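Following: one structure in structure tokens, then a few remarks.
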Amino acid sequence: MTDVTPLQAPIGTRDILPGESETFATLVGTFATMAQRYGFGLALTPVFEDVGVFHRGIGEQSDVARKEMYVFEDRGGRTYALRPEGTASIVRAFVQHHPTTPWKVWYVTPAFRYERPQAGRYRQHHQLGVEVLGTEDATLDVEVIALAWRFYESVGLRRVTLLVNSMGHAACRAIYLEHLSAHLSAHASSLCDEHREGWSRNPLRVLDCKKEECVAVTNAGPMLNDFLCDDCREHFAVVTAGLDAVGIAWAHAPRLVRGFDYYTRTTFEFIAEALGSAQNAVGGGGRYDRLAEQLGGEPTSGIGFGSGIERLMLALEAEGVALPAPALDAFVVDTTGGTAGLALVETLRAAGLAADRAYDGRSMKSQMKVADRSGASVALLIGPQEMASGTVTIRDLRNSDVADRQHSVTLADVVSAVREATNRA
RNA sequence: GUGGGCGUAGCUCAGUUGGUUAGAGCGCCAGGUUGUGGUCCUGGAGGCCGCGGGUUCGACCCCCGUCGCUCACCCCA
């Protein structure tokens, strides 16, 4: 017997359907426009990669690599992973293709992490982002942050806090890590349950811990900023001065280390204050001056930014921001049972107008209800009378003024009549 | 990986101490005479009460398991 148990989307995933997919599409469209405006080209890379791309990229000791990756073996025995974030694949592509630098690309992609789902956290979510490879110019960091900032601004998100920090480069951070490790080692017994034993695996992660015990220990310990070399200090100064110069408000977050191991120097995060939950970071990024090397390429500086689309949608909703959704221009109501309605919607569409109609020979009243629900600006009525006279009755569906709500136009004038009615809005 | 809450119509939810044919609002469909939406009125369709097992004369209700949703921790977008 066939199993007819209804199938459903996997745990932690969800369908984004008409009603909210318009918002999704608008966000992607807006980001695409802005990225293009900033000189970025679209990069499409596979959603799965050799696990090495991510292990070497985001760090074997990061939480994402250790326990959140979807890893699988294909029929040829190769071990792949669904991408948990966007940057590593882009850098892999850079290393593989040797494009001329600076290489500026943007992307939109699903990202997968095996975690327990929760508000604003899914096993598959979507990210928008940009990456730039091949320059360590600190003013570029400002541009990348600015692009993100302007993007949030232009989609209507208002309560955003930008946190920035510098993690130093390999050498100065190594020195800091020695001091930090020494400090953590001396106070290990005072750390939280998780880090008491595990701090040495990735000392920087302890800085990210929100537990009181850990915060107390790390606050009393060495601070990363005090160990920055002159170059890194200068780089950070240029970034912050640049943000000031372009009018972007920022706050220094000395404890901001972020979850991936590849970051060097500039790191930043955008907090959506409207999201009350712990998952309030809508976007973040930073510089990664070692990543290309780790993926087998020439040493190449890079910086990127990624933003979670679902979280951004939640934040917008929390702020009561509704993005305008594209609407139909005209809805054709045809009660003649022939092909007049079909021909008319096709004419309208060919003219660049959005048009739809009803099916299954419904009554005029029924078709009018569908027209109303469709959100179309006008209804175009074709009945026996119109058929006989070669005309169409155009009816305004938005305004309820009694006078002049509908009138007759010839078939030849329908397109211009719809345009006129639509623009009148 | 750990812990809490919850699974009844398409949606949001009622359902009395376990007791006949499981309800409401919204939505959907059809009508309210002679071609017209958004308001109003009338009618209708639609539920293995998540799934499996147990207790009982009898289970939407109680018990166990299971699947799923949700929230939190951790971490992140």
Side-chain angles (χ1 to χ4, degrees), chain A residues 3-14 19 27 58 61-68 83-87 108-129 148 192-195 198 202 205-206 208-211 214 256-260 269-272 275-285 305-315 331 333-337 358 360 362-388 393-400 405-406:
Chain A
D3 182 5
V4 291
T5 304
L7 297 171
Q8 47 186 308
I11 297 174
T13 68
R14 62 191 209 102
L27 292 174
I58 65 185
Q61 293 311 320
S62 68
D63 278 34
V64 170
R66 276 174 49 224
K67 52 189 188 189
E68 295 177 3
R83 76 159 49 119
E85 56 94 51
T87 302
V108 52
T109 179
F112 306 86
R113 292 181 202 167
Y114 190 87
E115 319 173 78
R116 285 289 287 270
Q118 177 185 162
R121 199 176 65 188
Y122 307 96
R123 287 188 173 179
Q124 174 176 349
H125 72 281
H126 301 263
Q127 288 192 25
L128 293 163
C192 75
D193 294 343
E194 186 191 341
H195 291 117
N202 194 341
R205 292 253 58 79
V206 183
D208 222 16
C209 185
K210 275 89 181 173
K211 294 270 169 43
C214 286
L256 181 67
V257 296
R258 300 190 50 76
F260 302 134
E269 197 163 282
F270 291 92
I271 306 299
L275 293 176
S277 66
Q279 288 72 241
N280 60 359
V282 285
F305 155 77
S307 187
I309 300 180
E310 285 82 355
R311 251 180 224 183
L312 183 49
M313 287 170 73
L314 286 172
F331 194 95
V333 171
D334 175 12
T335 56
T336 65
D360 301 320
R362 298 226 237 170
S363 69
M364 171 165 281
K365 174 170 180 160
S366 169
Q367 292 192 47
M368 282 302 292
K369 292 181 89 148
V370 180
D372 182 53
R373 268 200 309 260
S374 77
S377 302
V378 300
L380 298 175
L381 284 59
I382 303 173
Q385 289 173 28
E386 287 82 357
M387 279 297 268
T393 296
I394 179 169
R395 180 182 176 88
D396 194 322
L397 291 175
R398 294 168 303 184
N399 305 319
S400 48
R405 189 154 46 157
Q406 69 181 48

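Here is the naming used below: chain letters follow the sequence lines, and residue numbers restart at 1 for every chain. From a predicted model like this one, the values you see are computed outputs, not experimental measurements.
- Evaluation of atom-type donor-acceptor distances gives a pair under 3.5 Å for the side chain of A:Arg121 against the base of B:C74.
- A gap of 30 Å separates the C1' atoms of B:C26 and B:U33, to the nearest Å.
- Picking from B:A77, B:G37, B:G35 the nucleotide with the shortest atom distance to the side chain of A:Glu386 gives B:G35.
- Distance noted for atom C1' between B:G54 and B:C71: 31 Å (whole Å).
- The separation of B:G68 from B:C74, taken at their C1' atoms, amounts to 23 Å, rounded to a whole angstrom.
- The side chain of A:Gln118 places an N or O atom within less than 4.0 Å of a non-bridging phosphate oxygen (OP1 or OP2) of B:C73.
- Taking A:Arg123 as the reference, nothing meets the salt bridge (charged side-chain N to carboxylate O under 4.0 Å, His left out) condition, with sequence neighbours excluded.
- The same atom, P, is picked in B:G46 and in B:U56; the two are 36 Å apart, to the nearest Å.
- Residue A:Arg373 places no side-chain atom within donor-acceptor reach of the base of B:G27, judged by atom type and a 3.5 Å distance cut-off alone.
- Nucleic acid contact for A:Glu115: base, since at least one base atom lies under 4.0 Å from a heavy atom of the residue.
- Between A:Gln8 atom CD and B:C51 atom P there is a gap of 13 Å when expressed in whole angstrom units.
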Polar atom pairs between nucleotides 3-9 of chain B and protein, under 3.5 Å, N or O only, would you list them?
unit_1, atom_1, unit_2, atom_2, d
B:G3, O6, A:Arg116, NH2, 3.0

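- Between the side chain of A:Gln385 and the base of B:G35, a donor-acceptor pair under 3.5 Å is found.
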How does RNA chain B look in dot-bracket notation if pairs are Watson-Crick or G-U with both distances under 3.5 Å, crossing ones as [ ], other-strand ones as |?
-> (((((((..((((.....[...)))).(((((.......))))).....(((((..]....))))))))))))....
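- A:Met368 is listed as a side-chain neighbour of A:Arg395, based on a closest heavy-atom distance under 4.5 Å.
- Residue-to-nucleotide proximity on RNA chain B shows that, of A:Ala9 and A:Tyr122, the 5′-proximal contact is made by A:Ala9.
- Put simply, CZ on A:Arg83 is 14 Å from C1' on B:A77, counting in whole angstrom units.
- Taking every side-chain heavy atom of A:Gln279 into account, B:C73 is the closest of B:G38, B:C73, B:A77.
- Distances shown here put a side-chain N or O of A:Ser366 below 4.0 Å from the OP1 or OP2 atom of B:A30.
- Side-chain nitrogen and oxygen atoms of A:Arg362 include at least one within less than 4.0 Å of the OP1 or OP2 phosphate oxygen of B:A30.
- B:G38 and B:C51: their C1' atoms are spaced 43 Å apart (whole Å).
- Taking atom P on both B:C60 and B:G7, the two are 15 Å apart, rounded to the nearest angstrom.
- Looking at heavy atoms from C-beta onward, A:Met364 lies in side-chain contact with A:Leu381 at the 4.5 angstrom threshold.
- The distance between atom CD of A:Gln124 and atom C1' of B:A77, rounded to the nearest whole Å, is 13 Å.
- Not counting sequence neighbours, the partners of A:Gln118 by the side chain to side chain contact (heavy atoms under 4.5 Å, CB included) test are A:Arg121, A:Gln279.
- Between the C1' atoms of B:G19 and B:U66, the separation comes to 29 Å (whole Å).
- If A:Pro117 and A:Leu381 are placed on RNA chain B by their nearest nucleotide, the residue sitting closer to the 5' end is A:Leu381.
- The 12-atom threshold is not exceeded at CE of A:Met387, counting heavy atoms of other residues, nucleotides or ligands nearer than 6.0 Å.
- Counting non-hydrogen atoms under 4.0 angstrom, A:Lys369 reaches the backbone sugars and phosphates but no base.
- In this structure, the CG atom of A:Asp372 is 16 Å from the C1' atom of B:C29, given to the nearest Å.
- Checked against ring-ring contact (aromatic ring centres under 6.0 Å, His included), A:Phe331 has no partners two or more places apart in sequence or in another chain.
- Residue contacts shown for A:Ala119 are limited to sugar-phosphate atoms, with no base heavy atom under 4.0 Å away.
- Here B:U36 presents its P atom at 10 Å from CE of A:Met368, a figure rounded to the nearest Å.
- A donor atom on one side chain and an acceptor atom on the other are not found under 3.5 Å apart for A:Thr335 and A:Gln367.
- A:Arg14 is linked by a salt bridge (charged side-chain N to carboxylate O under 4.0 Å, His left out) to A:Glu20, counting only residues two or more places apart in sequence or in another chain.
- For A:Ala281, the listed nucleotide lying nearest its side chain is B:A77; candidates were B:U36, B:G38, B:A77.
- When each of B:C75, B:G35, B:G68 is scored by its nearest atom to the side-chain atoms of A:Ile11, the top-ranked nucleotide is B:G68.
- Atom pair A:Met364:CE and B:U33:C1' shows a separation of 17 Å (rounding to whole Å applied).
- Residue A:Glu310 contributes atom CD, which lies 13 Å from atom P of B:U70 at whole-angstrom precision.
- Atom CG of A:Leu27 and atom P of B:A77 are 18 Å apart (whole Å).
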Compile the donor-acceptor pairs under 3.5 Å between side chains in residues 308-315 of chain A and protein atoms, sequence neighbours left out, one pair per line.
unit_1, atom_1, unit_2, atom_2, d
A:Glu310, OE1, A:His126, N, 2.8
A:Glu310, OE2, A:His126, N, 3.4
A:Arg311, NE, A:Gly120, O, 2.8
A:Arg311, NH1, A:Ala281, O, 3.1
A:Arg311, NH2, A:Gly120, O, 3.0

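- With a 4.5 Å cut-off on side-chain heavy atoms, A:Val282 and A:Leu275 count as touching.
- Comparing the same atom, C1', in B:G4 and in B:U8 gives a spacing of 23 Å after rounding to whole Å.
- Applying the side chain to side chain contact (heavy atoms under 4.5 Å, CB included) criterion to A:Ala388, with sequence neighbours excluded, gives no partner residue.
- Annotation: side-chain hydrogen bond (donor to acceptor under 3.5 Å, both in side chains) contacts of A:Thr13 (sequence neighbours excluded): none.
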